[in-house]
Structures are given as structure tokens and as C-alpha cells.
Amino acid sequence: MRPERRGKAAADGERAAPPSEGMDTRMNDAPENVRLIGGEMLLWSDMSNRDGITDWRGAALELISRMLPPSGRVLLVGPHPQAVVDQVAAHAPSAAVLLRSYPDACALGERHPGLAVYCGRLEVFAAEEPYDLVLALDGLLRTHSAEAPAAAWIESLDALAAHVAPGGRLVLGVRNDLGVDRFLEARPAERDGGDDQWAPHGFDPSYPSGPGALDAGLESAGLTVQRCYAAYPGRQAPRALLAREALAFGLPDALTFPLSAGEGDRMLVADPLHLTRLVFRHRLGEELAPLWLAVATRPLITKTPRPSALTSRHTATVAAHDDPADADVTPHGDHADAAPYDEDAAEMMARDEPGAAVGPAGASALPLGLLEDGAAVYELTRAGLKRLPNGEERPIPTGRVVEEILVEACAREDVKTVRDLLSVLATWLEKEGGDAAAATDGLVYDGERFTAVTPGAPAPATPPDPRIALCRILWRFAVRLQAAGHHHPWPWPLDADQLTLTLCGMAGRPCDPGDLDLARKLDAELGHPTEPAAQAPTYRDLLGARDRLADQLTAALARVARLETKLSYRERELVRAKAKLHRSQRKATAYRRTLGYRLSRRLARPRKVARKVFRLLSG
């Protein structure tokens with residue numbers, strides 16, 4: 001496709017006047033693989049502000065690698081992280097990118113000369129041939145231009161779906177306006193928008209209000225939903241993709257606990273942990289997911305959809321909420337494990353069995369879920385977890401997460417439970433050869449033994465002393481316990497180091513500050529050091545800071561009031577002193593005018609002259 005740069009824009013009514021000479025020079029300096037299609041934003045850059053762009057990492061990259069066709073065309077729509085673009089450019093036989101930002105398009109064209117980069121609005125993009133895989137992980141918000149009114153979400157979806165070839169796939173990211181992360185943010189959602197969101201979000205009635213509405217929108221665009229993934233723990237940097245078939249059943253605590261808080265510290269605050277756990281426990285993981293990632297395909301043979309195809313799933317979900325007796329007709333109901341899924345879900349699960357051919361030729365089956373743990377990526381299977389690429393498939397351990405048991409015991413001030421659990425943990429490390437790289441948030445205890453949630457973590461070069469390994473585990477727990485502000489039965493002035501030494505003593509393995517230094521070195525050697533400072537401010541921290549500033553402001557206002565009172569008193573004293581001085585000056589002036597004063601002054605002069613003469617004569 002070789003559209004004209006100015007003729008196409010004029011035909012679409014994008015510009016009323018020709019660009020300036022300087023702008024022509026800038027366009028002529030663009031790389032050869034960058035083509036302007038109309039509606040391009042010449043001075044705007046979406047990549048300059050990365051806060052609003054989802055940082056897709058290992059889980060999304062693994063999913064994309066499974067869907068890349070060995071021989072076919074791939075289209076990236078909207079801004080994507082550099083890792084995603086690099087993977088598509090390296091493995092796709094023919095790839096193209098559609099961006100609205102001209103600076104971003106030029107930068108991408110220079111970095112990947114083999115990519116066909118189109119710059120402009122999605123509505124005016126006309127490809128010569130459809131694509132076998134269309135990736136729009138950032139959604140449809142950044143496919144519009146400021147030079148034309150933004151199209152409705154469903155209209156943008158229709159324009160995007162038109163570029164999917166028969167048998168091809170569309171991967172679309174959709175942010176949930178009612179996701180669990182919205183309940184956790186103290187900052188209003190409308191303040192998250194940057195300069196790129198010049199149109200207010202939330203007023204488009206066609207925007208999906210839930211998984212059912214998303215499925216209906218894709219089906220109305222002529223696509224068939226293969227899988228809909230829920231991305232956790234947040235929309236900024238998802239670490240896990242869980243299919244609705246996996247969320248329909250109760251997930252074990254070993255999986256839900258790591259997905260209940262942000263990256264860097266899984267126990268940053270208590271509210272995300274508790275609220276997200278309740279979401280999974282009540283099987284609302286899909287409805288309240290921060291972000292959805294839908295994988296849809298265009299059928300090879302176009303069929304007329306059944307009358308209820310667009311609304312059957314949504315209607316069944318609503319009916320299940322209204323009448324619990326009908327909850328077995330939907331995969332999201334409480335009786336989903338007692339009754340089979342509907343026909344479409346059963347067909348999807350049959351296609352996704354190992355060995356089934358899905359989508360383009362050579363594409364592998366879609367996974368039930370993908371989870372990240374550090375640099376490792378695990379696949380959720382029907383039998384358990386499998387570390388990619390060639391790890392063993394292990395069952396998901398049952399029981400409760402050790403950290404949750406300790407936090408609950410600390411909240412109840414149940415020191416006996418803490419002491420007993422820590423003693424068993426120390427015995428496991430000493431006599432049973434426990435994993436020295438484990439942590440309390442990565443261990444599950446079923447009452448008899450400890451099991452790592454994601455085994456296979458890199459071990460230290462030399463096996464450490466079990467007492468040092470225990471000290472490291474308890475130090476990480478103490479840091480997160482204090483960072484989260486959880487209640488515990490020990491004095492609050494204790495810092496993380498002192499609390500760690502206290503916990504080691506309760507476990508029956510007393511440690512000293514030297515052992516604590518060795519524990520920190522071991523933690524740094526394992527690659528994920530924990531630091532007690534520099535955590536993100538939480539709602540509780542903001543309230544504490546507000547109260548502290550309010551107290552300081554009250555004290556400052558009181559001091560200002562005292563100073564103003566003192567200043568007013570000093571001003572009144574100054575006025576009285578000035579008045580007294582003026583009265584004294586007037587009295588002195590009146591006294592100088594009297595006869596006696598004048599006579600005394602005249603009589604005093606001869607005496608002064610005689611005194612001077614006498615001094616001169618007396619030498």
C-alpha cells in the first residue's frame with residue numbers, strides 16, 4: 001500500500017490548508033518505511049509518557065510467541081512496549097505497525113528498517129490484504145487523532161476487525177473501568193489521564209461494561225472469541241493472564257496470594273491483599289479484573305449468527321445474578337463446576353486441548369494461564385504449573401501461604417501460633433533440607449510440610465547455614481510486615497532488624513547483628529534484595545501525612561496568632577511612646593519660651609566666659 005501523503009489527507013478532509021515549508025522538510029526526513037495515511041499527529045508522542053501504556057512482559061510475550069504465524073502477516077495497532085515490537089519484528093515473516101504519532105513512527109522506522117510503519121488514524125487505514133494476526137494490546141484509545149472527533153469504541157473495533165483475515169486472530173486489550181485496582185487507588189481515576197486523553201473517558205455507551213459485553217462486541221464485529229484472559233494484579237504491569245475457564249473454578253491460595261499486590265512488594269498494603277483475595281474467593285476474578293485480553297478469530301466460513309449469539313452469555317450472567325437457581329447456565333456462576341459450560345465454551349476448550357490445531361497453521365494451543373515470578377514464566381495447566389520452556393509439570397500445592405498465617409496470627413496477637421510455625425519452619429530448613437531461596441510469601445503450609453509455590457528458583461552458589469537462611473526469610477517478612485502497617489504484638493518502635501532478631505529468638509534460633517548482615521548478603525546474592533525503605537505511598541500513608549501536615553499547620557497558625565497578638569501589643573506600646581514623646585517635646589518648647597528660661601540663659605553666659613579666661617590664665 002502506497003498512499004499519497006497529501007492527497008490522501010485532503011481526500012479524507014484531514015487538513016484544510018497545506019502544511020508549512022518546515023513541516024514538509026520534516027516529513028521528507030522520515031525513514032523510507034514510514035508512510036503517512038492521514039490523521040497523523042506531527043508533534044505528539046505517545047511514547048514520551050509511558051505511564052499510561054501497559055508494560056507487557058513475560059506472560060504477554062509468551063502468549064504472543066505462541067500465536068505468531070510461521071508464514072503470514074502481522075499488524076501492531078497502537079503503541080506497544082519495545083519488547084513486544086522487537087519480538088514481532090524478529091519472528092514475524094511480515095510485520096507492520098500503525099501509529100498515530102509521527103515522532104514515534106519515525107523512531108520505530110529507524111530502529112526496525114524491515115517494518116512497514118503507517119502513521120495516521122485507524123479509520124483511514126486501508127490495507128491491501130488482511131492480516132493473519134492483529135495485535136492491539138494497548139486498546140483502541142490511542143488509535144484516534146486530535147484532528148477528527150474520536151469514534152465510538154464499537155466503531156473503532158469494527159474498523160480494526162476489518163483487517164483480520166479469515167482464520168486470523170485479533171488480540172485486543174480492554175481496560176476495566178470497574179476493576180479491582182480502581183477500588184484500591186486513592187487517586188481518582190480521572191486524574192490518571194495524561195495529556196493524550198483530551199476526550200473524557202467513561203461517556204462512551206459502547207465501551208464494554210463486562211466480559212459479556214466484550215464478547216458481544218467482538219461477535220458483532222464478525223469475530224469468534226477463543227479465549228478471554230484476565231490480567232492481574234494491575235493494569236500498569238500485568239504479571240499474570242488467567243483464562244475465564246480457570247477463573248470459573250476456585251483457585252488455590254498458592255496462586256491468588258502472589259497476584260494480590262503490586263510488583264516489588266507483594267504485601268505493600270493490607271487492603272489490596274484482602275480485597276483481591278475476596279475477589280478470587282467469590283469467583284469474580286474475570287468481572288473485576290483490572291484489564292481483559294481477548295483473543296478472537298475470524299471464522300473461515302462466514303455464518304449467520306444465531307439470534308442469541310450476541311447476548312446469550314450476557315443474559316445468562318444477568319439471570320444467574322437475579323436467580324441463583326439458574327446459575328448453572330453460565331461459566332461464571334457458583335454451580336459452574338457442577339454443570340458443563342455452554343456450547344461455545346465447550347468448543348473452545350476442545351480446540352485448546354494439546355495437539356489441536358487452532359487459528360493459523362502451525363499456531364499452538366492457547367494456554368489456560370501464564371504467570372510471571374521474577375524472570376521465570378509458568379504455564380497454568382489442568383494438572384498444575386509448568387515452568388517454561390521445558391520445565392516439569394508440578395501440581396499446585398494445597399494449604400495456606402505461610403505469610404498469610406503469620407499476618408493473621410500477628411493481628412490476633414497469637415504469639416503461640418507464631419512461635420510454633422517458626423519453629424517448624426526452622427526444623428524444615430535444618431533437617432529436611434528446605435529451600436534456602438524460599439520466602440514466606442512463596443511457601444505453602446498444609447499442616448504437615450512446606451511446599452514452594454514456584455519451585456526451581458536459583459540456589460546460592462554455596463549452601464548457607466540454615467540459621468542464616470531462616471534469618472533471611474524472617475527479615476524479608478519483618479520488612480513487609482512493617483511496610484504494610486499490619487498490627488503485631490511487639491513494640492512499635494522496633495525497626496525491621498530488631499523485629500527480625502525477635503522472630504529468630506521465637507523460632508528457637510537466636511541470631512546476632514552479624515548473622516543479620518550475612519542474611520542480607522544472601523538475599524542480595526539470590527537476586528531479589530529487600531529494602532525497608534522507598535515503598536510507594538499508600539492511602540494510609542497519605543492519611544498519615546495529611547494528619548501530620550494538619551498538625552504542623554495548626555501549630556504554625558497558633559504561632560502566627562501569638563506573634564500577631566504580640567505585634568499588636570508592641571504597636572500599641574509604640575503609639576503610646578510616640579504620644580508621650582510628642583507631649584514632652586511640646587512641654588520643652590513651651591518651657592524655652594518662658595522669661596525665666598531666657599534670663600537664666602543670658603546670665604549663664606558671663607560665668608562661662610569668666611571660667612574660660614580663668615582656665616587660660618591658670619595655664
Side-chain angles (χ1 to χ4, degrees), residues 43 48-49 51-52 182-202 265 268-271 479 481-499 531-619:
L43 301 178
S48 62
N49 183 15
D51 294 338
R182 296 291 188 182
F183 299 102
L184 305 176
E185 293 289 343
R187 185 181 181 87
E190 58 270 14
R191 295 186 182 180
D192 291 340
D195 294 337
D196 57 337
Q197 299 182 12
W198 49 81
H201 180 69
D265 199 337
L268 184 61
V269 290
D271 288 343
V479 169
L481 183 71
Q482 291 192 336
H486 290 296
H487 177 75
H488 58 75
W490 300 283
W492 282 101
L494 290 179
D495 57 10
D497 294 349
Q498 295 172 334
L499 183 57
E531 297 295 337
Q535 69 268 12
T538 62
Y539 185 59
R540 180 177 51 255
D541 297 332
L542 296 178
L543 289 179
R546 187 203 64 178
D547 295 339
R548 183 173 62 255
L549 293 176
D551 294 340
Q552 294 177 359
L553 180 61
T554 302
L557 291 176
R559 184 176 182 182
V560 169
R562 291 194 302 269
L563 292 177
E564 288 182 348
T565 302
K566 193 172 184 179
L567 180 61
S568 301
Y569 173 77
R570 295 292 176 86
E571 288 179 347
R572 290 195 297 270
E573 290 291 330
L574 181 60
V575 169
R576 287 195 292 268
K578 288 182 178 180
K580 186 176 180 180
L581 178 62
H582 291 162
R583 289 196 299 269
S584 300
Q585 290 176 348
R586 288 196 296 270
K587 290 181 180 179
T589 303
Y591 177 72
R592 292 189 187 99
R593 294 175 182 174
T594 60
L595 178 62
Y597 176 79
R598 291 198 298 268
L599 290 175
S600 62
R601 293 281 295 178
R602 292 177 180 178
L603 293 176
R605 290 176 184 175
R607 290 197 298 268
K608 292 181 180 179
V609 173
R611 194 179 296 117
K612 289 181 180 180
V613 173
F614 180 76
R615 288 196 192 105
L616 291 174
L617 293 177
S618 61

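Note that the numbering runs from 1 along the sequence shown for the chain.
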Taking atom NZ of K580 and atom CD of E573, what is their separation to the nearest 0.5 Å?
10.5 Å
Under a 4.5 Å cut-off applied to non-hydrogen side-chain atoms, are L616 and K612 in contact?
no
L553 CG to R546 CZ distance, which is reported to the nearest 0.5 Å:
12.5 Å
Scan K566, R570, R572 and name whichever one has a side chain to side chain contact (heavy atoms under 4.5 Å, CB included) with S568.
R572
Checking R592 against T589 for the side-chain contact (heavy atoms from CB on, under 4.5 Å) test, could you report, in this order, the C-alpha distance in whole Å, the side-chain angles of both residues, the deciding distance, and whether it holds?
CA-CA 5 Å; R592 292 189 187 99; T589 303; 4.2 Å; yes
Could you measure the distance from the CD atom of E571 to the CZ atom of R576? Nearest 0.5 Å is fine.
12.0 Å
